[in-house]
Amino acid sequence: ALALIMIDILFQNKNFIVAVKPAGISSQSDNSGGEDMTALLKKQTGSDIFPVHRLDKVTGGVMLYAKNSAAAAKFAKIAADGCFIKRYFAVVAGKPEKSAARLEDFLIFDKYSGKSAIVESSVKGAKKAVLEYTQKETVFSGGTEYSLLDVRLFTGRTHQIRAQLSHIGFPIVGDGKYGSKTKAPLALWSYEADFPASESEHIFRASPPEIFPWNIFESIKNKGDEK
């Protein structure tokens, strides 16, 4: 029998639901035949569920779903207008030269390799990718230096954070696909979603699970205690 996966729901009303996606579950139905968030939330709440954005299967964290097509269209417009703010924690090995930076690149996703590559803007199909990161903390663990980055996403390209950080020489810990040498769960977590809805601003946060590569950072532990 399939184990029943209970999704952590942070908030819901008649128009939308904010939930915490576990790493390893698809954001929406795909061809893998595995469980996905839309089906799980539908089963758990009895509501129709419409995806508004997506997270990679291997990435967990805060996600927004609409409960009706009108709300889905409204959130699509909010996202297009740049008013849907998503923040992530990422752990990288080493310490970036700049403690804060804005990365602007052009990405193209190659479905054969299943990877996004950074290309010249003139390449057909290339899409602009923009993020900003701030280095929060750097620690030594097991003889290696690790840095915790706070990433704000301005565009939602496939594997964007993973590809852009790898391109500057700092692949995310556990991300073998983009060059990490560390065997660990992927250290990328969507910790905050901030968007306007029902005439007010909504900010939702969720701390990453207590497993390496997260539990070596005090700032994450402290943040978890604030909840």
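Keep in mind it's a predicted model, so treat the numbers as computed, not measured.
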Proximity of Phe212 and Tyr146 rings by center, below 6.0 Å: yes
NZ of Lys136: more than 12 outside heavy atoms within 6.0 angstrom? no
Treating Ser190 as the side-chain partner and Val62 as the backbone partner, does any N or O pair qualify as donor plus acceptor under 3.5 Å? yes
Leu40 with Val58, same ILVMFWY side-chain cluster at under 4.5 Å: yes
Checking side-chain polar atoms at under 3.5 Å, does Gln160 have a donor or acceptor matched by the opposite partner on Thr155? yes
Using the ring of Tyr65 (Phe, Tyr or Trp, six-membered ring only), decide whether Lys67 places NZ or CZ under 6.0 Å from its centre and within 45 degrees of its axis. no
Can you get from Phe16 to Phe50 by hopping between Ile, Leu, Val, Met, Phe, Trp and Tyr side chains that sit under 4.5 Å apart? no
Spatial distance of atom CG (Leu41) from atom NZ (Lys43) [nearest 0.5 Å]: 11.0 Å
His202/Asp194 under side chain to side chain contact (heavy atoms under 4.5 Å, CB included): CA gap, chis, key distance, verdict: CA-CA 6 Å; His202 292 267; Asp194 174 352; over 6 Å; no
Using the six-membered ring wherever Trp is involved, compare the ring planes of Trp214 and Phe89 and label them parallel, tilted or perpendicular (cut-offs 30° and 60°). tilted
Does any N or O in the side chain of Lys95 come within less than 3.5 Å of the main-chain N or O of Glu145, such that one atom is a donor and the other an acceptor? no
Member of Val18, Val52, Ile203, Ile85 meeting the side chain to side chain contact (heavy atoms under 4.5 Å, CB included) criterion with Phe195: Val18
Ignoring hydrogens and angles, tell me if any N or O in the side chain of Asp56 forms a donor-acceptor pair with the backbone of Thr59 under 3.5 Å. no
Give the cluster check for Val130 versus Ile161: same hydrophobic cluster or not, with ILVMFWY residues linked at side-chain heavy-atom distances below 4.5 Å. no
Might you point out which heavy atoms bring Ile216 and Ser141 nearest each other, and give the distance in Å? CG2-OG, 3.8 Å
Can you check whether Thr38's main-chain N or O pairs, donor with acceptor, with Asp36's side chain at less than 3.5 Å? yes
Are Ile220 and Trp189 close enough, and set up right, to give a side chain to side chain contact (heavy atoms under 4.5 Å, CB included), and what steps lead you there? CA-CA 11 Å; Ile220 283 184; Trp189 179 263; over 6 Å; no
Side chain to side chain contact (heavy atoms under 4.5 Å, CB included) between Met37 and Leu55, worked out: CA-CA 10 Å; Met37 285 290 286; Leu55 287 177; over 6 Å; no
Which of His159, Arg162, Gln164 passes side chain to side chain donor-acceptor pair (under 3.5 Å) with Tyr178? It is His159
Linked, directly or transitively: Leu149 and Ile168 (ILVMFWY side chains, under 4.5 Å): yes
Specify the closest pair of heavy atoms between Glu35 and Ile25, including all atoms of both residues, with the distance to one decimal. O-CG2, 3.7 Å
Backbone N/O of Ser47 and side chain of Thr45: donor-acceptor pair under 3.5 Å: yes
Backbone of Ser147 reached by a side-chain donor or acceptor of Thr138 within 3.5 Å: no
Measure from the side-chain N and O atoms of Lys21 to the backbone N and O of Lys57, and report whether any donor-acceptor pair falls under 3.5 Å. yes
Nearest heavy-atom contact between Leu188 and Ala90 is CD1-CB, 4.0 Å
Geometric class of the Phe204/Phe11 ring pair [parallel <30°, tilted 30-60°, perpendicular >60°]: tilted
Consider only side-chain heavy atoms of I, L, V, M, F, W and Y, link residues closer than 4.5 Å, and tell whether Tyr191 and Phe217 are in one cluster. yes
Could you give me the CA-CA distance, side-chain angles and deciding distance for Ser27 and Met63, then say whether side chain to side chain contact (heavy atoms under 4.5 Å, CB included) is met? CA-CA 9 Å; Ser27 298; Met63 285 198 76; 3.7 Å; yes
